[in-house]
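Written out below as structure tokens is the structure these notes cover.
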Amino acid sequence: MIYKEFQDLQLSSLGMGAMRLPVIDGDDARVDEQAVMDMVDCALANGVNYFDTAWGYHGGNSELVMGRALGRHPRESFYLADKFPGYDLANMDKVEEIFEEQLKKCGVSYFDFYLFHNVCEMNIDAYLNPEYGIYDYLVKQKRAGRIRHLGFSAHGSYDVMKRFLEAYGSEMEFCQIQLNYLDWGFQDAKGKLELLKEYHLPVWVMEPLRGGKLTSLAQEDEAKLRALRPEESMTAWAFRFLQGLPEVKVILSGASNMEQMEENLAIFREDKPLNQQELQTLLAIA
């Protein structure tokens, strides 16, 4: 496993995301708990130490299942990330209630990492509204040690992220963005990365495979990449692109089965960033 330094921690470069866990009969709210336990055990055994869940994943069941799966292991053997669900404006006045419930659902007394979830055009005004007390409450929990590291995830534009950072940047320790070689230009992930560098914030990656879209390409495009790296899968190419970005610390992959988990683990046994020719070829395909 590749590890990245973050403050005084060594974080696994590959993190397990819990938004696309295996489910029963195609029902997103019915998580296959035994399959998740097997995947968590496999991840930990192969060096993954970062696990990411959220209030709304799998109809509210992701936190419960991940809490039970991780709870079978020593608390110091993993880092757990959760998020305040500001994607739903009805939650904005419930930060204390939700945070306390999240700790109970996950079966922990603190979160290693906690995020303002999905900062975007829809919720930026509410997130910045001091009447809701979200920022003040979460900073208080950080001071009390119930949040070890505070950050935010963003699906919004560069300008929205800048507004958030201008208001709260002094307390932010990391930022999670949608970053992959397609969105490098399409959603200006490159510009967002540059903005975070200005604030000296390390980057966490979500959607590295764009929900699986980047695991297979048009036949002619795959042929171009295989000519350069015959041994690499299309999945590996997406991860290797990210391995070439020094600002990136954690890459979250939402594996939906053990096969995907094992493929991801195999890729992250070695750091093999793209050279200039490979990078240009990949971005031309994007």
Side-chain angles (χ1 to χ4, degrees), residues 1-21 36-55 57-58 62-63 65-84 102-103 105-117 142 145-154 172-180 196 201-209 235 238-239 242-243 245-256 258 260-271:
M1 176 55 61
I2 304 160
Y3 291 92
K4 299 289 185 176
E5 188 174 301
F6 170 75
Q7 298 182 17
D8 60 341
L9 307 179
Q10 292 291 320
L11 303 179
S12 58
S13 182
L14 175 65
M16 180 177 173
M19 187 174 75
R20 298 187 178 95
L21 298 172
V36 173
M37 289 191 174
D38 292 343
M39 289 169 65
V40 166
D41 292 350
C42 178
L44 283 164
N46 285 276
V48 173
N49 62 17
Y50 191 97
F51 297 84
D52 172 277
T53 187
W55 180 258
Y57 294 170
H58 290 287
S62 174
E63 291 169 324
V65 173
M66 290 300 292
R68 289 193 286 265
L70 288 166
R72 300 170 303 126
H73 298 272
R75 181 65 181 90
E76 65 275 9
S77 68
F78 61 87
Y79 301 112
L80 179 60
D82 209 336
K83 312 177 188 79
F84 174 72
Q102 287 176 307
L103 288 172
K105 289 174 72 176
C106 292
V108 295
S109 59
Y110 66 91
F111 290 115
D112 300 280
F113 295 84
Y114 197 83
L115 300 86
F116 293 78
H117 197 172
K142 178 181 169 182
R146 301 173 86 205
I147 294 171
R148 300 293 167 86
H149 302 283
L150 184 61
F152 70 107
S153 70
M172 296 299 108
E173 297 176 73
F174 66 103
C175 177
Q176 188 166 302
I177 60 172
Q178 181 166 320
L179 177 55
N180 52 67
L196 294 171
L201 289 180
V203 175
W204 273 223
V205 171
M206 55 184 164
E207 300 293 350
L209 303 174
T235 300
F239 286 130
L242 296 168
Q243 287 178 352
L245 301 174
E247 299 80 15
V248 170
K249 300 296 184 181
V250 176
I251 301 169
L252 294 169
S253 183
S256 298
M258 185 64 82
Q260 292 174 1
M261 171 67 72
E262 290 174 344
E263 180 183 15
N264 292 347
L265 289 167
I267 293 167
F268 278 83
R269 288 194 187 110
E270 191 175 358
D271 199 356

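Closest approach of C106 and D82 over heavy atoms only: SG-OD2, 3.7 Å. Scanning all heavy atoms of the two residues, the minimum distance from G145 to Y110 falls at O-CB, 3.5 Å. The minimum heavy-atom distance linking S62 with A18 is given by the pair OG-O, 2.8 Å. Residues M39 and A255 come closest through the heavy atom pair CE-O, 3.4 Å. Closest heavy-atom contact between A238 and P208: CB-O, 3.8 Å.
Note: L103 CG to I147 CD1 = 8.5 Å, rounded to the nearest 0.5 Å. For the atom pair NZ of K249 and CZ of F174, the computed distance is 13.5 Å after rounding to the nearest 0.5 Å. The distance from the OH atom of Y114 to the CD atom of Q102 is 3.5 Å, given to the nearest 0.5 Å. Rounding to the nearest 0.5 Å gives a distance of 12.5 Å between CD of E262 and CD1 of I267. A distance of 11.0 Å separates CG of N180 from CE of M206, quoted to the nearest 0.5 Å. With rounding to the nearest 0.5 Å, the separation of CG in L201 from CZ in F152 is 6.5 Å.
Proximity of a side-chain donor or acceptor of K83 to a complementary backbone N or O of W55 within less than 3.5 Å is not detected. Using a distance-only test at 3.5 Å, with no hydrogens or angles considered, a donor-acceptor pair links the side chain of N49 to the main chain of S12. Checked by atom type and distance alone, the side chain of E63 never pairs as donor or acceptor with a backbone atom of T53 at under 3.5 Å. Between the side chain of S153 and the main chain of Q176, no donor-acceptor pair closer than 3.5 Å is present. Counting only distance, with no hydrogens or angles, the side chain of D112 and the backbone of L80 share a donor-acceptor pair below 3.5 Å. Under the 3.5 Å distance criterion, the side-chain polar atoms of Y57 are left unmatched by any main-chain donor or acceptor of D52.
With ring centers used as reference points, F6 lies 6.0 Å or more from Y50.
A 4.5 Å side-chain heavy-atom check between V48 and M1 finds at least one atom pair inside the cut-off. Annotation: side chain of L196 is in contact with side chain of I177 (closest heavy-atom distance under 4.5 Å). Residues L21 and M16 meet the side-chain proximity criterion, which asks for heavy atoms closer than 4.5 Å. Between M261 and N46, every side-chain heavy-atom pair lies at or beyond the 4.5 Å cut-off. Considering only heavy atoms from C-beta on, L14 stays 4.5 Å or farther from I2 through its side chain. Under the 4.5 Å side-chain criterion, counting only non-hydrogen atoms from C-beta, F113 is in contact with L9. Side-chain atoms of F239 and S253, non-hydrogen and from C-beta on, do get closer than 4.5 Å to each other. At a threshold of 4.5 Å between non-hydrogen side-chain atoms, the residues V203 and L245 do not count as touching.
In terms of the salt bridge (Lys or Arg N to Asp or Glu O under 4.0 Å) criterion, residue partners of R146 (sequence neighbours excluded) are, by chain and number, E100. Partners of H117 by side chain to side chain donor-acceptor pair (under 3.5 Å), not counting sequence neighbours: none found. A search for salt bridge (Lys or Arg N to Asp or Glu O under 4.0 Å) contacts involving E247 returns K197, not counting sequence neighbours. With sequence neighbours left out, the salt bridge (Lys or Arg N to Asp or Glu O under 4.0 Å) criterion links R68 to E33. With sequence neighbours excluded, the residues that form a side chain to side chain donor-acceptor pair (under 3.5 Å) with D41 are R72, H73. With sequence neighbours left out, the salt bridge (Lys or Arg N to Asp or Glu O under 4.0 Å) criterion links E173 to K142.
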Worksheet item: Can V40 and M66 be said to form a side chain to side chain contact (heavy atoms under 4.5 Å, CB included), step by step?
Response: CA-CA 8 Å; V40 166; M66 290 300 292; 4.0 Å; yes
Worksheet item: When you look at L179 and E207, which way does the side chain to side chain contact (heavy atoms under 4.5 Å, CB included) test go after all the steps?
Response: CA-CA 6 Å; L179 177 55; E207 300 293 350; over 6 Å; no
Discussion item. Before you tell me yes or no, could you show the steps for Y79 and V250 under side chain to side chain contact (heavy atoms under 4.5 Å, CB included), namely the whole-Å CA-CA distance, both residues' side-chain angles and the distance that decides it to 0.1 Å?
Written reply: CA-CA 12 Å; Y79 301 112; V250 176; over 6 Å; no
Item to complete: Might you work through the side chain to side chain contact (heavy atoms under 4.5 Å, CB included) test for K4 and D271, ending with a clear yes or no?
Response: CA-CA 11 Å; K4 299 289 185 176; D271 199 356; 4.0 Å; yes
